[in-house]
Q: 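Just dropping this structure here.
Everything quoted here is computed from the prediction, not taken from an experiment. Both counts, for ligands and for their atoms, begin at 1 and track the order of listing.
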Amino acid sequence: MAIDTQAVPAPGAPTRDRTAWWRDAVIYQVYLRSFADANGDGVGDLAGVRSGLPYLASLGVDALWFNPWYASPMADAGYDVADYRSIDPVFGTLAEAEALIDEAHALGLRIIVDVVPNHCSDQHSWFRAALDAGPGSPERELFWFRPGRGAHGELPPNDWKSEFGGPAWTRVTEPDGMPGQWYLHLFAAEQPDLNWNNPRVRAEHEDILRFWFDRGADGVRIDSATMPAKDPLLPDFDRAEPSGPHPFVDRDEVHEIYRAWRAVAESYPEPRALIGEVWLADAERFAAYLRPDEMHAAFNFDYLNCPWDAPRLRAVIDATLEAHAPVDAPATWVLSNHDVTRHVTRYGREDSAMGRSPWQHGAPTDLELGTRRARAALLLNLALPGSCYLYQGEELGLWEVSAIPDEQRQDPFFHRSGGADVGRDGCRVPLPWSDTAPPFGFSPQSATVQPWLPQPAEWAAHTVEALTGVPDSMLEFYRTALRLRREETALHGGSLSWHSGPDGEVLDFRRGTLRCVVNLSKQRVRLPEYASVILASVPLPQRTDTLPADAAVWLRTR
Ligand code: GLC
């Protein structure tokens, strides 16, 4: 489907500030449940993050993105929001969140909070009121309630499937005790979809944005950003025109939401950033979200899903830069997050593609190879034009944890698939900070409960304490690379020029006087002439003229 990405912005629409921080920031994703547990209940919390802020500042990142920290029954780890303006007690209080934002700012770290427009929790006051108010009430209009099909309404209103498996509809019991209407949930049953055709839904979410922006949040990450707009006729998916608009993904109407949000973001003296979770195969449709009066940036899932293969990475990088240029938006480079298999693990597998590869669970994995490639990939990501997202724990070289007992798994993907899909718990395991045995300093020594997911014993060699000060450790490598990226002005803004061809097994490009060479072949390759080595992903001999396989280097050219 084509969309005009060069559309002229509406009169009065903002013009781009090319110096804006989010254009080349390195943003660190804090998965709060698993960062640090200060109160000893086995779950990470705001107090834990506050004590970890000096660590994050010393790592050298520019901003922190927090997964949802709002009041939630945690049916989907907080993506089922019961109250968008309060902090879940398991994480702390609103006062602590405000203090955290101020303390982070004092350390030069910006804050991005997650907002979830597509759905809320079935415990949200609006949904409780809708259940109580019954069919035909204005309260039900805030969601998608419909009668069922079949002689007695016993069949779901249409054939849509939940992203987590099973039907996207659940039948409710009406106030009179009888089975009644069904409601739509594109994710878990505990996550009813909001009806964005209703002006109250729009006004409420704009107010939620202001609530967090007023508290100093520098931006928002927009969850499932392509999904809030639905075809109001709710047609069967099977009967939809293959070439026509999808009934709930990437409908043209969704853009109105983000134009309104952009206006809210621009109403602050220092405009706030909108960063979208936009999973779309079509590059033009993707770029449409980044028009000058919509979002500032969106995650690059094509890059995340690309295997460790030079021509394919080259093609994704070129396609990314090409798609972003007409809308003058910065590209983003991301390899891991809380939804996908950690890239140390993926890169150590025969099939290194696909961020989320449940069918690969237990596939043979060479972690040493994956780690080596992950180091090379860091130099590649940080040298590419745009902004970069890091997922907590990648700086420690953490891998996907597969040994999680079924009874401890929490992800709805696991439960709604009857265990066929192991889900995403393996990338969400609590961080190891210190000591030689679990909980590795994640929880205080006084804690009597175990961390909410079990940590592997091998992480003793991957704690912050074990890696700090060790010259070639993953952590010190990240610190050095991030410091150099800040210092290298050639890496801020501008584009790249390739030295390697599109089909080679080496990625070789220049940004100013910095040249980045990544060897994805199986053998050593010859390096170009250079003045000095700025940083390499593997120890290199003095004045070497070759680079080993699965390694990368930043060179200073003459
Ligand atoms: C996004 C989140 C994911 C969540 C889903 C539903 O994809 O990243 O963790 O389960 O939306 O909110």
Q: Test of understanding: with salt bridge (Lys or Arg N to Asp or Glu O under 4.0 Å), list the residues that count as partners of Asp223, not counting sequence neighbours.
A: Arg221
Q: Kindly say whether the aromatic ring centers of Phe211 and Tyr84 come within a distance under 6.0 Å.
A: no
Q: Tell me the side-chain hydrogen bond (donor to acceptor under 3.5 Å, both in side chains) pairs involving residues 398-410, sequence neighbours left out?
A: none
Q: Quick one: which residue pairs count as a side-chain hydrogen bond (donor to acceptor under 3.5 Å, both in side chains) with a foot in residues 209-220, not counting sequence neighbours?
A: Glu98-Arg215, His105-Asp218, Asp214-Tyr268
Q: Would the Trp160 and Phe237 ring centres measure less than 6.0 Å apart?
A: no
Q: Give the residues near ligand 1 by chain and number, with the criterion being a heavy-atom distance under 4.0 Å.
A: Asp76, Tyr79, His119, Phe164, Phe187, Gln191, Arg221, Asp223, Ser224, Glu277, His338, Asp339, Arg424, Arg428
Q: For the residue pair Trp169 / Asn158, report whether a side-chain donor-acceptor contact shorter than 3.5 Å exists.
A: yes
